[in-house]
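Comments concern the structure below.
Just so you know, these numbers use all the heavy atoms, side chains as well, and skip hydrogens, waters and symmetry mates. Chain letters run A, B, ... following the sequence lines, proteins first and then strands; every chain starts at 1.
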Number of protein chains: 2
Amino acid sequence: MDTTDGPCGLDVSLKVIGGKWKPLILYHIQDGPTRFSQVKQRVAGISEKVLIQQLRELVAMDVLIRRDHQRVPPMVDYALTPFGKTLVEALQPLCEWGTQNRAHVAATLAAASG
Amino acid sequence: MDTTDGPCGLDVSLKVIGGKWKPLILYHIQDGPTRFSQVKQRVAGISEKVLIQQLRELVAMDVLIRRDHQRVPPMVDYALTPFGKTLVEALQPLCEWGTQNRAHVAATLAAASG
DNA sequence: CGGTATCCCCAACGATACTG
DNA sequence: CAGTATCGTTGGGGATACCG
């Protein structure tokens with residue numbers, strides 16, 4: 001296959017996990033249903049507003065499912081759909097790449113003072 | 001390994017390929033040295049200014065190498081470094097995922113009218 | 001606890017014109 | 001051809017307060 005013509009699958013993936021937070025959110029939910037407050041803790045630095053936004057978008061795209069346990073106080077959790085699980089699997093190599101190259105990237109960024 | 005604690009490699013990957021265009025740019029350069037004007041053609045919709053910016057950042061991060069052939073008119077090309085090649089390989093599953101799920105994503109986005 | 005509502009900012013993105 | 005320069009835009013994201 002010639003990789004130089006037409007759109008590759010990346011444009012689709014980017015529609016789904018584009019933005020600053022979505023890959024991180026998926027990563028931190030992959031081990032099972034996770035409560036809103038837990039996600040917030042794990043995804044360091046994200047604001048509530050943005051977290052909700054991103055979660056809703058992921059739900060709308062059938063990547064996550066939201067479960068409201070109808071309790072007082074509220075109890076909600078988010079989990080990967082089967083579709084979402086395939087996405088997380090596709091994300092895994094990128095995750096490992098980052099782990100293996102953390103030092104190199106940090107050094108390069110420091111050298112470029114950015 | 002517990003995936004819920006600490007930073008995963010994704011934060012590193014996102015530093016390198018974060019933004020709207022970088023994954024696409026890498027994809028369209030993977031087959032060999034590619035001239036500026038060719039990259040511009042292949043990455044549909046990108047402006048010259050943004051393309052230059054992204055290319056320079058990728059060069060600074062040791063993902064791409066820029067070669068100036070010292071000609072008039074100018075002749076410059078960009079190619080993956082060995083390091084960049086490992087990154088493109090890590091991106092490959094995401095690319096395939098997008099190809100396989102193009103229809104599903106399109107349908108879901110349409111249903112959410114977004 | 002799990003959200004909404006509101007206001008604000010800025011970095012990324014875009015369009016156009018110009019240059020070595 | 002491969003950039004620079006300049007200006008304009010936008011929406012993703014941030015802070016805070018409030019609500020069921």
Side-chain angles (χ1 to χ4, degrees), chain A residues 4 10-11 13-29 32-61 63-79 109 112-114, chain B residues 10-11 13-26 28-29 32-61 63-79 109 112-114:
Chain A
T4 62
L10 280 177
D11 61 330
S13 312
L14 290 174
K15 274 195 172 58
V16 180
I17 52 153
K20 188 173 172 179
W21 299 105
K22 290 201 182 81
L24 257 20
I25 292 172
L26 292 183
Y27 177 84
H28 287 293
I29 288 182
T34 310
R35 298 185 61 175
F36 179 82
S37 48
Q38 290 182 305
V39 182
K40 193 185 159 191
Q41 279 184 351
R42 293 178 189 172
V43 183
I46 197 171
S47 72
E48 280 194 358
K49 181 190 114 178
V50 172
L51 179 53
I52 292 278
Q53 256 178 25
Q54 308 294 305
L55 286 171
R56 291 225 185 285
E57 287 174 23
L58 289 167
V59 168
M61 287 183 301
V63 172
L64 293 183
I65 186 167
R66 176 184 189 270
R67 297 189 307 180
D68 187 337
H69 295 258
Q70 307 287 4
R71 294 224 214 120
V72 177
M75 156 98 168
V76 170
D77 61 33
Y78 296 83
L109 285 179
S113 50
Chain B
L10 280 176
D11 61 329
S13 311
L14 290 174
K15 274 195 171 57
V16 179
I17 52 153
K20 188 173 172 179
W21 299 105
K22 290 200 181 82
L24 258 20
I25 292 172
L26 292 183
H28 287 294
I29 289 182
T34 310
R35 298 185 62 174
F36 179 81
S37 49
Q38 290 181 306
V39 183
K40 192 185 160 191
Q41 280 184 351
R42 294 178 189 173
V43 183
I46 196 169
S47 71
E48 280 193 0
K49 183 189 111 179
V50 172
L51 179 53
I52 292 278
Q53 258 178 21
Q54 308 294 305
L55 286 172
R56 291 222 184 288
E57 288 174 22
L58 289 167
V59 168
M61 287 183 300
V63 172
L64 293 183
I65 186 168
R66 175 184 188 271
R67 298 188 307 181
D68 187 337
H69 295 259
Q70 308 286 5
R71 295 223 214 120
V72 177
M75 156 97 166
V76 170
D77 61 33
Y78 295 84
L109 285 178
S113 50

Nearest-Å distance, [atom1] ([X]) to [atom2] ([N])?
X	N	atom1	atom2	result
A:I46	C:dG3	CD1	C1'	14 Å
B:L14	C:dA12	CG	C1'	16 Å
B:K40	C:dT16	NZ	P	12 Å
A:W21	D:dG13	CH2	C1'	9 Å
B:L55	D:dC1	CG	P	16 Å
A:E48	C:dA5	CD	P	14 Å
A:K20	C:dC13	NZ	P	13 Å
B:K22	C:dA12	NZ	C1'	10 Å

Between [X] and [Y], what is the shortest heavy-atom contact and its length?
X	Y	value
A:T34	A:H28	OG1-O, 4.0 Å
A:Y78	A:R66	OH-NE, 3.5 Å
B:I29	B:A79	CG2-CA, 4.0 Å

May I ask you to say what [X] touches in the nucleic acid, namely base, sugar-phosphate or nothing, with a heavy-atom cut-off under 4.0 Å?
X	answer
B:Q54	sugar-phosphate
A:R35	sugar-phosphate
B:E57	nothing
A:P73	sugar-phosphate
A:Q53	nothing

Check every atom of C:dG3, D:dA2, C:dG2 against the side chain of A:R66 and return the nucleotide holding the closest atom.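 Taking heavy atoms from C-beta onward, the closest nucleotide is C:dG3.
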
Does the side chain of [X] get closer than 4.0 angstrom to OP1 or OP2 of [N] through an N or O atom?
X	N	answer
B:R56	D:dT4	yes
A:S47	D:dA15	no
B:S37	D:dA2	yes
A:Y78	C:dG2	no

Examine distances only and state if a side-chain atom of A:S47 and a backbone atom of A:G45 form a donor-acceptor pair shorter than 3.5 Å.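 Here the side-chain-to-backbone pair does not exist.
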
Side chain of A:K49, base of D:dG13: donor and acceptor closer than 3.5 Å?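 Such a pair exists between side chain and base.
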
Would you mind telling me which of A:Q54, A:R42, A:E57 makes a side-chain contact (heavy atoms from CB on, under 4.5 Å) with A:I25?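 It is A:Q54, the one option of A:Q54, A:R42, A:E57 that forms the side-chain contact (heavy atoms from CB on, under 4.5 Å) with A:I25.
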
